[in-house]
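See structure below.
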Amino acid sequence: MSRYKRRPNLINSSVSCMLMSAGFGIIVILLCLLCFAMLLSKLNAPPALVSAMASVSLCVGGYCGGYLCARKKRRNGLAMGVACGVIIFMIVMIFGIIFAKAAIGISSGGKLFFTMLCGAIGGVVGVNTKKRRY
């Protein structure tokens, strides 16, 4: 038995892992939105397509955040992915309310569901990927 007690590392804790993964997911969302904005500047698109592209980028960010969180922790992938998806959705919703004066509508529940679903899929895939040996 060691003389020194092991202190919990704050960088490797579950909460900090979820927050860092949510930050990465937000960055992925912004990159997807940037690519979609460049695409939309070239063609004239209806508002329904713009909303669909925003939803797709939210799902991609939720997947990437859940994948990264589960890949780092290597356990509880489904729960980690869902929690990371909820955190990402809440951050996006808060920024939307503050900066875009967006109201919470009926479509918010669907977007929350799809973000949680994509985060859960990313968490399951992240846990089940093999570790590199080199």
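Scope of the values below: all heavy atoms of this structure, side chains included, with no hydrogens, waters or symmetry mates. Keep in mind the model is a prediction, meaning the values are calculated, not measured.
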Closest approach of Ala54 to Leu33 (non-hydrogen atoms, all atoms of both residues):
CA-CD2, 4.2 Å
Here the gap from Lys111 atom NZ to Met93 atom CE, rounded to the nearest 0.5 Å, amounts to 7.5 Å
Looking at every heavy atom in both Ser57 and Ile29, which two are closest together, and how far apart are they?
O-CG1, 3.3 Å
Do Ser51 side-chain atoms and Ala48 backbone N/O form a donor-acceptor pair below 3.5 Å?
no
Can you tell me which residue pairs pass the ring-ring contact (aromatic ring centres under 6.0 Å, His included) test with a partner in residues 68-121, sequence neighbours excluded?
Phe95-Phe99
A side-chain contact here means heavy atoms from C-beta on lying under 4.5 Å apart; do Leu58 and Val92 qualify?
yes
For Val124, what residues pass the side-chain contact (heavy atoms from CB on, under 4.5 Å) criterion, not counting sequence neighbours?
Leu78, Asn128
Looking only at heavy atoms, what is the nearest atom pair of Ala120 and Val82, with distance?
CB-CG2, 3.6 Å
Under 3.5 Å, which donor-acceptor pairs do the side chains of residues 20-28 form with other protein atoms, sequence neighbours left out?
| unit_1 | atom_1 | unit_2 | atom_2 | d |
| --- | --- | --- | --- | --- |
| Ser21 | OG | Cys17 | O | 2.8 |
| Ser21 | OG | Cys69 | N | 3.2 |

Can you list the other members of the hydrophobic cluster that holds Met38, where links are side-chain heavy atoms under 4.5 angstrom apart?
none
Check whether any side-chain heavy atom of Thr129 sits under 4.5 Å from a side-chain heavy atom of Arg74, and report yes or no.
yes
Could you pull out all residues at least two apart from Met53 that satisfy side-chain contact (heavy atoms from CB on, under 4.5 Å)?
Phe36, Leu39, Leu40, Leu49
Using the side chain to side chain donor-acceptor pair (under 3.5 Å) criterion, which residues pair with Tyr67? Sequence neighbours excluded.
Arg71
Listed by chain and number, what are the side-chain contact (heavy atoms from CB on, under 4.5 Å) partners of Met90, not counting sequence neighbours?
Val86
